[in-house]
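Worth knowing before you read on, the calculation uses all heavy atoms, side chains too, and leaves out hydrogens, waters and symmetry mates. Predicted model only: the values in this text are computed from it and were never measured.
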Amino acid sequence: MTVSTILINGEPSDGLIPVTDSSVLRGDGCFEVIRAYGSVLFRLEDHLERLANSAAMLDIQLPPLEDIAKWASDSAGEVPDSAVRIVVTRGPNIPGLEGGPVVIVFAHTWSGSDQPARLYPVTAPWHAAGVAWELAGAKIISYGPNMATSRTAQGAGFDDALLLSLEGAILEGPTFSVAWVVDGVVETPGLDLGILDSITRRVFFELAGGLGLEVVEVTADLNRLGDASEVMAISTIREIQPVSAVGAKTWVPGPITKNLSEAFHAIVGV
């Protein structure tokens with residue numbers, strides 16, 4: 001793996017974070033991951049806007065977004081085809097220690113799978129699933145429960161998890177959105193279920209419209225996938241990836257997923 005210079009508040013660093021930092025002691029912060037294609041950051045403004053919204057919900061004061069944009073661009077310049085990570089912490093979390101927010105920026109190469117994903121349904125009791133709370137919609141760094149579901153899925157012989165609400169509604173993956181096709185119509189869980197407003201999901205809607213596809217936001221349980229002809233996973237890293245299994249239900253990657261994936265690759269130039 002190739003990693004760029006690690007910038008902390010814009011300054012080159014050894015990448016070490018004090019054990020007193022809020023990210024270490026409390027998991028208190030927010031983040032973004034942006035794909036760079038040929039050193040060009042994809043949908044940078046959208047990602048920075050979401051980062052600012054997340055930080056505001058956490059009551060963390062960010063440096064100017066122009067500065068963060070430059071740090072991200074500098075990182076992408078070092079590793080042209082990469083994932084650029086921006087992590088924001090509250091800073092020191094021990095009473096009496098001085099210091100403000102910390103912004104960490106670096107890029108690294110990423111080799112994603114070119115195979116369809118196999119997902120294992122896992123109930124996510126911590127997921128708000130549409131219930132209002134203080135950080136609804138924020139992309140916070142406290143991903144421990146999500147990562148636990150990924151390990152559960154992998155232990156069951158799958159690639160990753162598909163999160164379900166306590167009532168059985170399909171939500172999202174631990175780090176991605178999902179969609180499926182029923183009778184030529186694309187369905188995806190609605191944002192009113194408390195899922196992340198994924199930037200790639202937004203692009204997905206745009207691409208579907210350009211291809212003349214109808215996309216509807218729904219609340220559905222796993223039984224709905226029994227009617228689906230295609231299922232896909234959507235994220236910055238996965239882009240638009242076919243799903244070949246959810247539990248015991250299987251699919252062959254279909255034409256709508258292929259067309260959407262090709263349309264995505266066309267706009268990013270790969």
Side-chain angles (χ1 to χ4, degrees), residues 32-33 42-43 45-47 49-50 53-54 57 116-117 119-140 146 149 160-243 245-247 249 251 253-264 267:
E32 288 290 329
V33 182
F42 184 63
R43 297 294 173 104
E45 291 184 2
D46 288 346
H47 281 281
E49 178 185 18
R50 188 172 62 182
N53 289 338
S54 297
M57 291 183 196
L119 306 180
Y120 183 66
V122 181
T123 300
W126 71 90
H127 199 296
V131 177
W133 67 297
E134 291 81 357
L135 298 179
K139 192 173 175 69
I140 56 177
N146 295 50
T149 64
D160 214 329
L162 176 63
L163 306 185
L164 308 177
S165 73
L166 289 173
E167 293 74 29
I170 299 170
L171 298 170
E172 56 192 338
T175 60
F176 53 89
S177 300
V178 293
W180 56 88
V181 181
V182 176
D183 296 330
V185 176
V186 181
E187 298 180 350
T188 188
L191 294 181
D192 60 345
L193 287 168
I195 66 172
L196 181 71
D197 183 11
S198 159
I199 305 301
T200 310
R201 181 180 181 274
R202 297 181 195 174
V203 176
F204 175 85
F205 273 73
E206 297 170 12
L207 295 175
L211 293 172
L213 296 169
E214 180 183 1
V215 183
V216 294
E217 294 184 304
V218 300
T219 299
D221 61 23
L222 285 174
N223 290 329
R224 184 59 171 166
L225 298 185
D227 300 323
S229 57
E230 303 178 39
V231 181
M232 59 202 84
I234 305 158
S235 76
T236 292
I237 299 300
R238 294 174 183 269
E239 299 171 338
I240 300 173
Q241 178 187 25
V243 170
V246 174
K249 176 66 178 174
W251 297 267
I256 290 179
T257 305
K258 181 176 183 290
N259 290 341
L260 285 164
S261 179
E262 290 178 348
F264 183 89
I267 65 172

Out of curiosity, Ile256 CD1 to Ser229 OG, how far, rounded to the nearest 0.5 Å?
6.0 Å

Mind checking whether Tyr120 and Leu162 have side chains closer than 4.5 Å, heavy atoms only?
no

Does anything in residues 230-241 form a salt bridge (Lys or Arg N to Asp or Glu O under 4.0 Å)? List the pairs, not counting sequence neighbours.
Arg35-Glu239, Asp160-Arg238

Lys/Arg-Asp/Glu bridge criterion (N-O < 4.0 Å) met for Glu217, Arg201
yes

Using 0.5 Å steps for rounding, measure from the CG atom of Asp46 to the CD1 atom of Ile199.
5.0 Å

Are any non-hydrogen side-chain atoms of Gln241 and Met232 less than 4.5 angstrom apart?
no

Do NZ/NE/NH1/NH2 and the carboxylate oxygens of Glu262 and Lys258 come within less than 4.0 Å?
yes

Could you check if a side-chain atom of Thr175 sits within less than 4.5 angstrom of a side-chain atom of Ile237, using non-hydrogen atoms only?
no

Heavy atoms only: give me the nearest Val243-Ala233 pair and the separation to one decimal.
CG2-N, 3.7 Å

Side chains of Val216 and Val186 in contact at under 4.5 Å (non-hydrogen atoms)
no

Enumerate the salt bridge (Lys or Arg N to Asp or Glu O under 4.0 Å) contacts for residues 164-180, please, sequence neighbours excluded, ordered by first and then second residue.
none

Between Val178 and Gly173, which heavy-atom pair has the shortest distance, and what is it?
CG1-N, 4.4 Å

Name the residue from Leu163, Leu225, Asp221, Val218 that meets the side-chain contact (heavy atoms from CB on, under 4.5 Å) definition with Ile170.
Leu225

What heavy-atom pair brings Pro189 and Ile195 nearest, and what distance separates the two atoms?
O-CD1, 3.4 Å

Check: Trp126 and Thr149 side chains under 4.5 Å, non-hydrogen atoms
yes

How far does CG of Asn259 sit from CD1 of Ile240, to the nearest 0.5 angstrom?
10.5 Å

Closest non-hydrogen atom pair between Ser235 and Phe176, with its separation:
CB-CB, 3.7 Å

Heavy-atom neighbours of Asp192 CG exceed 12 at 6.0 Å
yes

Rounded to the nearest 0.5 Å, what's the gap from CD1 on Ile267 to CD on Glu206? Could you check?
7.0 Å

So, for Ser165 and Thr123, which heavy atoms are closest and what is the spacing to 0.1 Å?
O-CG2, 4.0 Å

Donor-acceptor pair, Thr200 side chain versus Thr236 backbone, under 3.5 Å?
yes

Applying side chain to side chain contact (heavy atoms under 4.5 Å, CB included) to Trp251 and Val246, what does each step give before you reach the verdict?
CA-CA 9 Å; Trp251 297 267; Val246 174; 3.7 Å; yes

Test applied, side-chain contact (heavy atoms from CB on, under 4.5 Å); reference residue, Leu260; option that passes from Val181, Val203, Leu207
Leu207

Shortest non-hydrogen contact between Ala129 and Leu171, atoms and distance
CB-CD2, 4.2 Å

Can a salt bridge be assigned to the pair Arg50 and Glu32 using a cut-off of 4.0 Å between side-chain N and carboxylate O?
yes

Look at Glu45 together with Arg202 and state whether they make a salt bridge at an N to O cut-off of under 4.0 Å.
no

